[in-house]
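These figures come from a predicted structure and were not determined experimentally.
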Amino acid sequence: MLKTTLAVLLIAIVSVSVKAQTRPDKLYTVSGIGTSVPVGETADFFSPKISTTLGVNLGLGNKGLFLYPKFSLHAFAYNGITPDDGLTYTAQNGRATSYLLNVALGYRKITGKFGFYGYAGAGGGFILTPKVEVNATSLQVTSSNKAHGMPMIELGTGVEYNLGGLSLFTEVSYMNGFTKIQNRNFTTMPLTVGIKPNLSRLFNGSSK
């Protein structure tokens with residue numbers, strides 16, 4: 001349900017923005033894979049696993065400004081420090097997953113086949129962390145997930161290499177959340193590599 005909702009939202013943004021384009025090469029999808037490295041207090045209970053990113057780059061005007069909505073799924077290894085409210089035990093060797101939607105404004109500078117860009121934005125979503133309940137009478141352990149709503153901001157920078165119909169890219173960003181997990185701030189640095197296919201031809205019949 002979440003993925004369907006996000007997909008509809010991205011399609012709606014693309015449909016509205018494409019009508020306002022003045023050049024045929026301003027619409028790119030973003031597809032990346034990498035990892036997300038917890039920093040600061042977050043590293044006390046999270047450690048990095050695999051991450052994926054899906055989004056779009058929408059050029060604004062005739063300069064280097066672009067709109068960058070994206071959906072990020074970050075997986076972390078989880079080792080709890082303190083029990084959640086009402087529980088006695090903490091989950092160990094577990095897995096936590098974030099589902100975050102961010103909308104950023106960026107600026108891109110083109111030098112030959114290379115593009116250098118930076119962006120800043122905000123958004124949110126939720127993070128699932130494991131929890132365990134132990135029934136001492138029946139000697140049974142029940143595991144489930146706890147959802148943490150997570151408003152956040154993100155700052156990032158990246159480099160692209162243009163191959164004509166698509167660009168290769170690598171980027172790093174800094175995410176800071178405003179909801180605490182394990183009574184600690186959520187802060188992480190996603191590292192991503194991937195491709196940006198040029199979809200302008202689908203709407204304009206040509207691409208640069």
Side-chain angles (χ1 to χ4, degrees), residues 6-7 9-40 48 50-74 98-125 150-178 186-208:
L6 292 172
L9 177 60
L10 288 175
I11 291 172
I13 294 173
V14 169
S15 298
V16 172
S17 300
V18 165
K19 295 179 181 179
Q21 301 302 314
T22 58
R23 288 170 48 190
D25 62 340
K26 287 191 173 183
L27 174 62
Y28 293 83
T29 58
V30 178
S31 180
I33 189 169
T35 189
S36 190
V37 181
V39 296
I50 195 168
S51 297
T52 58
T53 297
L54 176 66
V56 292
N57 281 178
L58 305 170
L60 303 175
N62 294 314
K63 303 296 183 181
L65 289 176
F66 64 93
L67 188 66
Y68 188 8
K70 69 173 178 176
F71 170 68
S72 301
L73 187 155
H74 305 302
S98 72
Y99 301 87
L100 300 171
L101 178 63
N102 180 59
V103 179
L105 184 65
Y107 182 82
R108 179 184 290 106
K109 177 68 175 179
I110 304 297
T111 304
K113 288 185 174 293
F114 287 92
F116 303 90
Y117 62 93
Y119 61 89
M150 186 62 65
M152 45 80 69
I153 59 172
E154 182 177 14
L155 305 174
T157 185
V159 180
E160 305 168 342
Y161 182 75
N162 187 277
L163 296 176
L166 62 83
S167 294
L168 306 178
F169 79 94
T170 180
E171 74 178 40
V172 58
S173 65
Y174 174 86
M175 285 183 170
N176 183 72
F178 296 101
F186 173 73
T187 308
T188 190
M189 293 185 67
L191 308 172
T192 307
V193 296
I195 60 173
K196 295 183 179 182
N198 184 350
L199 293 190
S200 302
R201 67 187 66 184
L202 298 180
F203 302 96
N204 298 279
S206 63
S207 64
K208 293 184 179 181

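- Here the side chains of Val30 and Leu54 are not in contact, with every heavy-atom distance at 4.5 Å or above.
- Tyr68 and Phe66 have tilted rings, their planes meeting at an angle from 30° to 60° on a 0 to 90° scale.
- Of all heavy-atom pairs spanning Ala120 and Leu155, the tightest one is CB-CD2, 3.4 Å.
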*Leu100 and Met175: side-chain contact (heavy atoms from CB on, under 4.5 Å), yes or no, with the steps?*
CA-CA 10 Å; Leu100 300 171; Met175 285 183 170; 3.9 Å; yes
*Give the intermediate values and the outcome of side-chain contact (heavy atoms from CB on, under 4.5 Å) for residues Thr157 and Phe116.*
CA-CA 8 Å; Thr157 185; Phe116 303 90; over 6 Å; no
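- Side chain of Asn102 to backbone of Ala122: a donor-acceptor contact under 3.5 angstrom is found.
- Between the OG1 atom of Thr192 and the CD1 atom of Ile33 there is a distance of 9.5 Å, given to the nearest 0.5 Å.
- Contact detail for Ser72 and Thr53: the closest heavy-atom pair is OG-OG1, 3.9 Å.
- In plain terms, the two heavy atoms of Ser173 and Glu154 that are nearest each other are OG-OE2, 2.6 Å.
- Of all heavy-atom pairs spanning Asn57 and Glu160, the tightest one is OD1-OE2, 4.0 Å.
- Distance alone, capped at 3.5 Å, is enough to place a donor-acceptor pair between the Ser98 side chain and the His74 backbone.
- Note: Leu199 CG to Leu166 CG = 10.5 Å, rounded to the nearest 0.5 Å.
- Expressed to the nearest 0.5 Å, how far OG1 of Thr52 lies from CG of Leu73 amounts to 4.5 Å.
- Counting heavy atoms from C-beta outward, Ile195 and Leu168 have side chains that approach closer than 4.5 Å.
- Taking the side chain as every heavy atom from C-beta outward, Leu60 and Leu105 approach each other to under 4.5 Å.
- One finds the OG1 atom of Thr35 at 7.0 Å from the CG atom of Leu191 (value rounded to the nearest 0.5 Å).
- Tyr119 approaches Ala104 most closely through the heavy-atom pair CD1-CB, 3.7 Å.
- Under the 6.0 Å distance and 45° angle rule, Lys196 counts as a cation-pi partner of Phe169.
- The OG atom of Ser167 lies 8.0 Å from the CZ atom of Arg108; values are rounded to the nearest 0.5 Å.
- Atom CE of residue Met152 and atom CZ of residue Phe178 lie 9.0 Å apart, to the nearest 0.5 angstrom.
- Side-chain contact annotation: Thr188 with Ser36, donor-acceptor N/O pair under 3.5 Å present.
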